[in-house]
Amino acid sequence: MSESWQNNRGNGGPFRAAHAEPEILPPAGSPGAEEPQQTYYYEPPQPQPMPQPERRRPRWAYAPATYVLVGINCLVFLVMVLGGVSPVAPTPEQLLTYGADYGPYVLVLGEWWRLLTATFVHVGLIHLATNMWCLWNLGLLGEPLMGPFGMLAAYVLTGIGGNLLSTAIHPGVPGGSGGIVGAGASGAVFGLAGVLIVLLKSPLLPLPQAEVQRLRKSVIWFAVLNFVIGAGTWIARTSLQIDNMAHLGGFLSGLAFAVPLVPRIGARREIFLRRRWFAVLGMSFLLLLLAFGIRSFYVGGR
């Protein structure tokens, strides 16, 4: 979950050589006695090639982008800890040093890269573990439908979309509400949930419809439950809160990203690739347009 602080904190035998059978000659005086003699030989069966055992692909090969994303998140956390950041309760200043999202830094200082880097920064080991568990499960389900490139694009674009909405709601500049320091992969995780909700609705999937519907309902309940948990931390007004705006932004971005897509299984490859590029480029343009609008609204006239 994205977390934040308020601004105030073969079967042959072994013998292969041919051996000759004795000559078979017609009896003397028989009609065939004048015919040329023929010699017959036993021809052993030709050796059959040994069947090659089927090579099983390692599990990671079915979802390489998912494992890469989990690995990057864990590597960033390790670098943070080795750099002196607390593995349990890092401070907002430490999170900002490693790329967390913060409205004034983004809108005023122009550090737009924080919308991406914040998706790889986590507020402690428990925060990292829960997000990686969700990312791993949703990635193993979603990557076979989108392909590795689609998985990477969905993570990046929906993660940026989640942080962009969070920045718009908590800009931390005059004329807006107080800023928050936000970090975590859950905006992207919610984005993947949004993508799956759309793709699992496709009738092209060569799977039993009952199983597809069960998976889809599980993803929907995952999103609903986590929205409720996030709202609970907001109502309780704890200093460490779940940023539901990042969740909502990621989820809506995931729905929008998936609309042009056709699952790779069941659709011709050229159609799928064309629609995937349309989804990536269209979503990128939409996020750029929203970012320009948000910045213009808060600081464009100042």
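We count residues from 1, following the sequence as given.
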Original post:
After noting the C-alpha distance and the side-chain angles of Tyr102 and Val106, does the key distance pass the side chain to side chain contact (heavy atoms under 4.5 Å, CB included) rule?
Top reply: CA-CA 6 Å; Tyr102 185 48; Val106 173; 5.9 Å; no

Subject >> Within one Ile-Leu-Val-Met-Phe-Trp-Tyr cluster: Phe285 and Phe292, side-chain cutoff 4.5 Å >> reply: no

Original post:
Are Val189 and Leu138 side-chain neighbours, meaning at least one heavy-atom pair lies under 4.5 Å?
Top reply: yes

**OP:** Decide yes or no for Met245 and Ile180: does some side-chain heavy atom of the first lie under 4.5 Å from some side-chain heavy atom of the second?
**Re:** no

Original post:
Between CG of Leu200 and NZ of Lys217, what distance do you get to the nearest 0.5 Å?
Top reply: 13.0 Å

**OP:** For Phe222, look at atom CZ and say whether over 12 heavy atoms of other residues, nucleotides or ligands are found less than 6.0 Å away.
**Re:** yes

Original post:
Any side-chain heavy atom of Phe227 within less than 4.5 Å of one from Ile242?
Top reply: no

Original post:
Shared ILVMFWY cluster between Trp112 and Leu288, side chains joined below 4.5 angstrom?
Top reply: no

Subject >> Side-chain donor/acceptor of Arg276 to backbone N/O of Met146, under 3.5 Å >> reply: yes

Subject >> Shortest non-hydrogen contact between Asn73 and Leu128, atoms and distance >> reply: O-CD1, 4.0 Å

Original post:
So, do Leu125 and Val88 sit near enough that their side-chain heavy atoms are less than 4.5 Å apart?
Top reply: no

**OP:** Using the side chain to side chain contact (heavy atoms under 4.5 Å, CB included) rule, take Val212 and Lys201 through it: C-alpha gap first, then chi angles, then the decisive distance, then the call.
**Re:** CA-CA 8 Å; Val212 173; Lys201 190 69 174 176; over 6 Å; no

Subject >> Results of side chain to side chain contact (heavy atoms under 4.5 Å, CB included) for Arg214 - residues two or more places apart only >> reply: Glu211, Ser218

Subject >> Shared hydrophobic cluster for Phe257 and Ile271 (ILVMFWY, side-chain gaps under 4.5 Å) >> reply: no

Subject >> Closest non-hydrogen atom pair, Tyr98 against Val121 >> reply: O-CG2, 3.3 Å

Original post:
Under 30°, 30 to 60°, or over 60°: which ring-plane class applies to Phe190 and His247, parallel, tilted or perpendicular?
Top reply: parallel

Original post:
Given Thr158 and Phe251, is the side chain to side chain contact (heavy atoms under 4.5 Å, CB included) satisfied, shown in steps?
Top reply: CA-CA 7 Å; Thr158 61; Phe251 184 74; over 6 Å; no

Original post:
When rounded to the nearest 0.5 angstrom, what distance separates NE2 in His122 from CE in Met80?
Top reply: 9.5 Å

Original post:
Roughly how far, to the nearest 0.5 Å, is the CG atom of Leu141 from the CG atom of Leu199?
Top reply: 9.5 Å

Original post:
CG/Asp101 to NE2/His170 distance, rounded to the nearest 0.5 angstrom?
Top reply: 10.5 Å

Subject >> Minimum side-chain heavy-atom gap Thr97-Val85 below 4.5 Å >> reply: no

**OP:** Establish whether Val195 and Phe278 are linked, either directly or via other cluster members, by ILVMFWY side-chain heavy-atom contacts under 4.5 Å.
**Re:** no

Original post:
Can you check whether Gly162's main-chain N or O pairs, donor with acceptor, with Ser166's side chain at less than 3.5 Å?
Top reply: no

Original post:
For the side chain of Arg114 and the backbone of Leu96, is there at least one donor-acceptor N/O pair under 3.5 Å apart?
Top reply: yes

**OP:** For the pair Asn244 and Leu248, evaluate side chain to side chain contact (heavy atoms under 4.5 Å, CB included) and give the outcome as yes or no after the intermediate values.
**Re:** CA-CA 6 Å; Asn244 248 358; Leu248 179 61; over 6 Å; no

Original post:
Sub-3.5 Å donor-acceptor pair from the side chain of Tyr155 to the main-chain atoms of Thr119, do we have one?
Top reply: yes

**OP:** With rounding to the nearest 0.5 Å, note down the distance linking CG in Leu157 to CG in Leu286.
**Re:** 10.0 Å

Original post:
How far apart are the closest heavy atoms of Pro171 and Leu107, and which atoms are they?
Top reply: CB-CD1, 3.7 Å

**OP:** Can you see which heavy atom on Met283 is nearest to which on Ser253, and at what distance?
**Re:** CE-CB, 3.4 Å

**OP:** Would you indicate whether the side-chain heavy atoms of Glu270 and Leu273 approach each other to under 4.5 Å?
**Re:** no

**OP:** Can you establish whether the number of heavy atoms outside Ile220 located under 6.0 Å from its atom CD1 is more than 12?
**Re:** yes

Original post:
How long is the gap from CD on Gln209 to CZ on Arg216, to the nearest 0.5 Å?
Top reply: 10.5 Å

Subject >> ring pair (Phe, Tyr, Trp, His ring centres under 6.0 Å) involving Trp113 - partner list, sequence neighbours excluded >> reply: none

**OP:** Locate the shortest heavy-atom distance separating Ala65 from Leu152; write the atom from each residue and the value.
**Re:** CB-CG, 3.8 Å

Original post:
Is the Phe120-Phe77 ring centre distance short of 6.0 angstrom?
Top reply: no

Subject >> Nearest non-hydrogen partners of Ala183 and Val123, listed with the distance >> reply: CB-CG2, 4.3 Å

Original post:
Are Ile126 and Val70 linked, directly or through other ILVMFWY residues, by side chains that come within less than 4.5 angstrom of each other?
Top reply: no

Original post:
With no hydrogens and no angle check, is any side-chain donor or acceptor of Thr117 less than 3.5 Å from a backbone partner on Gly99?
Top reply: yes

